[in-house]
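Atoms considered below: every heavy atom in the structure, side chains included; atoms not considered: hydrogens, waters and symmetry mates. Position 1 is the first residue of the sequence, and the numbers go up from there.
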Amino acid sequence: MAGILETEEQARQRFQLELEFVQCLANPNYLNFLAQRGFLREKPFVNYLKYLLYWKEPEYAKFLKYPHCLHMLELLQYEHFRKELVNAQCAKFIDEQQILHWQHYSRKRTRLQQALAEQQQQQQQAQAPAHGNTSAK
């Protein structure tokens with residue numbers, strides 16, 4: 001029975017390995033590499049990908065630096081997607097789409113931050129005269 005139980009150190013190492021592997025799934029070129037070498041056709045590997053879906057739970061997802069990997073993990077559950085990844089053009093298309101998404105997200109985030117800063121500045125300016133009037137009394 002002791003051989004079945006995982007030590008705390010083993011659990012920590014498994015967590016770290018699975019965290020790193022799941023995040024690698026965000027890289028379409030790595031997915032293409034796995035597909036070309038036949039891993040995505042092997043039942044044990046496909047079962048492992050299904051097992052890794054626990055990373056979608058908030059208590060695990062909070063550790064991810066590349067949350068896009070969760071979308072790829074979800075897509076990897078589908079055989080058709082796994083088969084398409086053998087094609088380098090498919091991986092290239094996904095890579096390009098990720099770059100476009102990140103560029104759009106960065107621009108949108110910058111605009112939102114600028115709008116928030118302007119809004120805060122306007123609020124401060126609107127409050128400044130009110131404070132000035134009360135101190136004059």
Side-chain angles (χ1 to χ4, degrees):
M1 187 67 130
I4 295 173
L5 297 177
E6 188 174 56
T7 67
E8 190 173 323
E9 178 61 20
Q10 288 170 326
R12 189 187 66 71
Q13 287 178 351
R14 182 174 54 84
F15 175 84
Q16 186 66 36
L17 288 170
E18 291 177 358
L19 172 63
E20 290 176 18
F21 179 72
V22 166
Q23 293 190 107
C24 287
L25 300 178
N27 182 340
N29 296 308
Y30 180 62
L31 298 179
N32 176 251
F33 169 87
L34 293 174
Q36 287 184 349
R37 279 147 188 84
F39 289 104
L40 300 182
R41 290 190 306 265
E42 295 177 4
K43 186 70 173 161
F45 193 80
V46 172
N47 288 340
Y48 182 63
L49 293 172
K50 187 174 185 176
Y51 156 78
L52 291 173
L53 286 170
Y54 77 87
W55 283 97
K56 293 175 69 177
E57 298 300 322
E59 65 265 26
Y60 294 99
K62 68 183 179 185
F63 295 102
L64 298 171
K65 291 182 184 177
Y66 309 104
H68 189 73
C69 66
L70 295 177
H71 182 64
M72 300 308 264
L73 178 60
E74 185 68 37
L75 290 173
L76 285 165
Q77 304 305 310
Y78 298 96
E79 183 179 8
H80 180 73
F81 181 71
R82 293 191 306 267
K83 286 180 178 179
E84 288 296 320
L85 286 169
V86 173
N87 183 349
Q89 283 303 111
C90 177
K92 185 177 189 295
F93 176 77
I94 294 169
D95 192 43
E96 290 168 352
Q97 293 303 303
Q98 283 181 333
I99 291 169
L100 289 172
H101 173 77
W102 291 330
Q103 288 173 340
H104 173 73
Y105 173 79
S106 295
R107 284 193 300 270
K108 185 176 179 181
R109 184 171 182 211
T110 300
R111 284 194 302 268
L112 287 173
Q113 288 174 334
Q114 288 171 343
L116 180 61
E118 289 171 8
Q119 183 181 19
Q120 288 173 343
Q121 188 177 26
Q122 289 171 354
Q123 287 175 348
Q124 288 172 351
Q125 289 173 351
Q127 292 173 353
H131 292 301
N133 290 341
T134 56
S135 62
K137 289 183 181 180

Evaluate whether atom [atom1] of [X] has more than 12 neighbouring non-hydrogen atoms of other residues, nucleotides or ligands under 6.0 angstrom away.
X     : atom1 : value
Tyr51 : OH    : yes
Glu79 : CD    : no
Tyr60 : OH    : no

Are [X] and [Y] joined in one hydrophobic group, where the rule is that I, L, V, M, F, W and Y side chains link up if heavy atoms are under 4.5 Å apart?
X     : Y     : answer
Met72 : Leu19 : yes
Tyr78 : Leu25 : yes
Phe63 : Val22 : yes
Phe33 : Leu31 : yes
Leu85 : Phe39 : yes

How are the rings of His68 and His71 set to each other: parallel, tilted or perpendicular (split at 30° and 60°)?
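Answer is tilted, since the angle falls between 30° and 60°.
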Parallel, tilted or perpendicular: ring planes of Phe21 versus Tyr30, cut at 30 and 60 degrees:
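Ring orientation of Phe21 relative to Tyr30: perpendicular.
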Rounded distance [0.5 Å steps], [atom1] in [X] versus [atom2] in [Y]:
X     : Y     : atom1 : atom2 : result
Gln23 : Leu70 : CD    : CG    : 9.0 Å
Glu59 : Tyr54 : CD    : OH    : 10.5 Å
Leu34 : Glu42 : CG    : CD    : 10.0 Å
Leu49 : Arg82 : CG    : CZ    : 7.5 Å
Glu84 : Gln89 : CD    : CD    : 12.0 Å
Lys50 : Leu76 : NZ    : CG    : 14.0 Å

Compare every heavy atom of [Y] with every heavy atom of [X], then report the nearest pair and how far apart it is.
X     : Y     : result
Ala26 : Tyr66 : CB-CB, 4.3 Å
Gln36 : Val86 : NE2-O, 3.3 Å
Glu74 : Lys56 : OE1-NZ, 2.5 Å
Leu64 : Trp55 : CD2-CE3, 4.1 Å

Evaluate the criterion side chain to side chain donor-acceptor pair (under 3.5 Å) for residue pair Gln124 and Gln120; output intermediate values, then yes/no.
CA-CA 6 Å; Gln124 288 172 351; Gln120 288 173 343; over 6 Å; no
Side chains of Arg14 and Gln10 in contact at under 4.5 Å (non-hydrogen atoms)
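Sidechains of Gln10 and Arg14: no contact.
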Results of side-chain contact (heavy atoms from CB on, under 4.5 Å) for Arg12 - residues two or more places apart only:
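Result, side-chain contact (heavy atoms from CB on, under 4.5 Å) vs Arg12: Glu9.
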Hey, are Glu118 and Gln122 close enough side-chain-wise for a donor-acceptor pair under 3.5 Å?
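No donor-acceptor contact under 3.5 Å links the two side chains.
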